[in-house]
Amino acid sequence: MESATKMTIYVGTQATGCTFELEPRSRKLLGDRRADDAPLPRSVYISCDTRQDFVSILGKEELRWTIAEILTGLGREELEQSGTLEFLDPKRELAHFDPAAM
């Protein structure tokens, strides 16, 4: 992928967890640049038993990389080289997803 490409992952919050989905423009850019045409998941849902668990789990940077890897089909190194990766909660208008703000 080109450098300086902004990849956005939308975060949809629910009572028991979050749904993560690649923003449509990012998904198209990714599709145009991927050599592999294998299908990718449309979304990933993570749920937890308690709010404290939810904040603890989703606050880990490693999980965010894993979610991005699942949605894009790219490895962490490729994602780091591709440009900016952001998690956006459009419903709450949070530019940077913060699980503690839920």
Side-chain angles (χ1 to χ4, degrees):
M1 290 187 67
E2 294 176 9
S3 62
T5 300
K6 183 177 174 181
M7 299 281 282
T8 301
I9 295 175
Y10 285 153
V11 181
T13 56
Q14 300 174 15
T16 60
C18 280
T19 300
F20 299 88
E21 182 175 320
L22 202 55
E23 178 262 341
R25 185 178 29 175
S26 297
R27 191 172 180 87
K28 175 154 178 24
L29 285 171
L30 177 66
D32 291 346
R33 293 187 173 96
R34 282 183 67 223
D36 180 4
D37 63 350
L40 294 171
R42 182 100 176 124
S43 64
V44 174
Y45 181 73
I46 307 278
S47 67
C48 298
D49 291 327
T50 68
R51 185 178 187 284
Q52 182 178 0
D53 290 347
F54 184 77
V55 170
S56 177
I57 290 170
L58 289 177
K60 293 181 180 173
E61 182 180 356
E62 193 59 39
L63 181 62
R64 293 178 195 210
W65 283 111
T66 301
I67 291 167
E69 290 172 358
I70 292 168
L71 289 174
T72 65
L74 301 175
R76 183 170 178 168
E77 188 174 302
E78 292 172 292
L79 287 166
E80 288 174 339
Q81 293 173 0
S82 71
T84 305
L85 176 64
E86 73 174 354
F87 284 75
L88 175 67
D89 185 342
K91 183 177 177 184
R92 296 171 185 264
E93 298 180 4
L94 295 175
H96 298 285
F97 172 63
D98 178 7
M102 295 192 49

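By convention here, the first residue in the shown sequence is residue 1. None of the values given here were measured: they were computed from a predicted structure.
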query: Just how far is it from atom CG of Leu71 to atom CZ of Arg42, taken to the nearest 0.5 Å?
result: 10.5 Å
- request: Answer yes or no: is there a donor N or O on one side and an acceptor on the other, between the side chain of Glu86 and the main chain of Leu88, under 3.5 Å?
  value: no
field: Interatomic spacing from OG1 in Thr72 to CD1 in Ile9 - rounded to 0.5 Å
entry: 7.0 Å
- line: Tightest non-hydrogen contact, residues Ile67 and Ile46, listed as CD1-CG1, 4.4 Å
query: Of the non-hydrogen atoms in Ser43 and Thr19, which two are nearest, and what is the gap between them?
result: CB-CG2, 3.7 Å
- prompt: Should we say atom CZ of Arg76 is surrounded by more than 12 heavy atoms from elsewhere, each under 6.0 Å from it?
  reply: yes
- prompt: What are the two closest non-hydrogen atoms of Leu79 and Ala68, and how far apart are they?
  reply: CD1-CB, 3.7 Å
query: Are Asp89 and Thr13 close enough, and set up right, to give a side-chain contact (heavy atoms from CB on, under 4.5 Å), and what steps lead you there?
result: CA-CA 8 Å; Asp89 185 342; Thr13 56; 3.5 Å; yes
- prompt: When rounded to the nearest 0.5 angstrom, what is the spacing between CG in Leu22 and OH in Tyr10?
  reply: 10.0 Å
- prompt: Is there a donor-acceptor pair under 3.5 Å between the side chain of Glu23 and the backbone N or O of Ser26?
  reply: yes
field: Reported OG1-to-CZ distance for the pair Thr8 and Phe87, which is rounded to 0.5 angstrom
entry: 10.0 Å
message: If I take atom CG from residue Leu30 and atom CZ from residue Arg25, how far apart are they, to the nearest 0.5 angstrom?
response: 14.0 Å
- prompt: Would you call Arg64 and Glu69 a salt bridge, taking side-chain N to carboxylate O under 4.0 Å as the test?
  reply: no
query: Taking Glu78 for the side chain and Gly75 for the main chain, is one N or O donor matched with an acceptor at less than 3.5 Å?
result: yes
Single-linkage hydrophobic cluster, 4.5 Å side-chain cutoff, Tyr45 and Trp65 together: no
- request: Any chance you could measure Glu77, atom CD, to Glu80, atom CD, to the nearest 0.5 Å?
  value: 7.5 Å
